[in-house]
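Sequence lines set the chain letters: A, B, ... in the order given, protein chains first and strands last, and positions in each chain run from 1.
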There are 2 protein chains.
Amino acid sequence: MSLEEVAKRAKVGIGTLYRRFPTREALLAATSNERFLSVAESSRGRDADHDPGNALRKYLEELALNTSIYQNLAASLGTVIECGTPGCNAITEEGHRLLRRAKEAGVIRGDTSFDDIICVVIAISIAVEKDRSPESRIAHLVDLLLNGISVR
Amino acid sequence: MSLEEVAKRAKVGIGTLYRRFPTREALLAATSNERFLSVAESSRGRDADHDPGNALRKYLEELALNTSIYQNLAASLGTVIECGTPGCNAITEEGHRLLRRAKEAGVIRGDTSFDDIICVVIAISIAVEKDRSPESRIAHLVDLLLNGISVR
DNA sequence: AGATAAATGGAGGATTGCTCCACTTCTAAT
DNA sequence: ATTAGAAGTGGAGCAATCCTCCATTTATCT
């Protein structure tokens with residue numbers, strides 16, 4: 001979808017669109033803001049049950065699901081997530097928090113970074129972007145991330 | 001890099017470029033053909049030592065490394081790899097073979113598909129695309145894929 | 001040589017991104 | 001109510017790129 005088309009549908013001029021959202025990423029971030037806020041919020045609620053491993057798993061699944069909804073969001077997630085909207089900040093903070101707690105609880109390897117995780121969420125989102133109901137595939141891929149493909 | 005620029009540097013007209021490589025992916029595939037052939041070949045040689053787990057690991061590392069070399073190849077790897085050049089076919093066949101052997105040897109989960117693996121190779125390649133010497137980061141991410149982020 | 005086939009180059013239409021500035025609307029001070 | 005200045009808006013238009021189409025050149029065959 002071209003930005004001219006976006007402007008037309010929003011019934012504003014292309015100049016106005018560019019002033020409000022200087023980059024495509026800014027527009028995507030704004031579009032996903034509430035969605036991201038709600039992912040972060042429901043994750044915060046879940047953590048109350050003191051199961052850091054499961055909380056992390058659910059967070060990853062929901063983030064991947066919400067990232068795969070808008071075409072082309074997945075590929076730019078790395079940039080989008082750094083653009084400072086409340087939703088992006090909430091997602092980032094919550095991710096770091098979950099990772100820290102999971103490490104403290106000893107259920108996650110110490111050498112795992114938030115970047116590692118975002119990298120895999122991007123991959124999962126790209127992979128399922130065209131699926132109609134991607135939930136089960138996402139669950140499978142998140143499971144691969146958590147447990148690896150090796151037999152235990 | 002625009003395709004006009006590619007044509008100019010190759011000293012052919014833009015029409016000729018398009019006839020020989022109808023899509024960007026075809027051009028990328030042709031560019032990477034020898035590289036992919038050599039990855040597949042060295043992987044075949046390695047398998048002689050009857051360590052399927054290690055052979056798979058090396059294959060993944062080399063594929064990710066060679067995919068991250070050309071800017072923008074990573075994001076289209078899924079399409080590129082299906083385009084039928086000898087290199088792409090060799091990579092695909094070798095990947096399936098390694099996966100089958102590793103499963104037979106009981107070192108890889110049965111529910112892991114070749115698509116799952118390409119998906120993660122894409123992610124890894126995108127993540128390290130801008131790194132100067134990505135080898136160690138690739139090794140880390142491949143290790144995450146193989147062993148998961150959970151503590152064992 | 002002449003006819004036919006194959007390959008080539010690049011002009012040009014279409015799309016999209018993005019800037020710039022003439023114009024409109026709002027704000028607030030008198 | 002008037003008006004000067006600030007803030008906001010719209011869209012014309014340039015630049016970049018993609019890709020098609022066909023006049024021309026080059027190769028091949030008899």
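Atom-to-atom, CD of Glu5(B) to P of dC18(D) comes out at 11 Å; the value is rounded to the nearest Å. Counting to the nearest Å, the P atom of dA12(D) and the CD atom of Glu4(A) are 10 Å from each other. One interatomic measurement links the two molecules: CG of Asn72(A) to P of dT16(C), which rounds to 13 Å at whole-angstrom precision. The CG-P distance, from Leu3(A) to dT17(D), rounds to 17 Å in whole Å. Between the C1' atom of dC20(C) and the CG atom of Leu17(A) lies a distance of 16 Å, rounded to the nearest Å. Computed from coordinates, the Ile14(B) CD1 to dT24(D) P distance equals 21 Å when rounded to whole Å. Atom C1' of nucleotide dG17(C) and atom CZ of Phe21(A) are separated by 17 Å, given to the nearest angstrom.
A salt bridge links Arg9(A) and Glu5(A); the closest N-O separation between the charged side-chain nitrogens and carboxylate oxygens is under 4.0 Å. Of the charged side-chain nitrogens involved, at least one lies within less than 4.0 Å of a carboxylate oxygen, so that Glu62(B) and Arg46(B) count as a salt-bridged pair. A salt bridge is absent between Arg44(B) and Glu41(B): the closest approach of a Lys/Arg side-chain nitrogen to an acidic carboxylate oxygen does not fall below 4.0 angstrom.
Among all heavy-atom pairs drawn from Ala26(A) and Phe21(A), the shortest one is O-CD2, 4.0 Å.
For Thr16(B), counting side-chain heavy atoms from C-beta on, the closest listed nucleotide (dC19(D), dT9(D), dT8(C)) is dT8(C). For Tyr18(A), counting side-chain heavy atoms from C-beta on, the closest listed nucleotide (dT9(D), dT19(C), dA11(C)) is dT19(C). Taking only side-chain atoms of Arg19(B), from C-beta outward, the nucleotide of dG12(C), dT9(D), dA7(C) with the closest atom is dA7(C).
Nucleic acid contact class of Ser2(B) (heavy atoms, under 4.0 Å, all strands): sugar-phosphate only.
Ranked by how close their nearest DNA chain C nucleotide is to the 5' end, Gly15(A) and Met1(A) are led by Met1(A).
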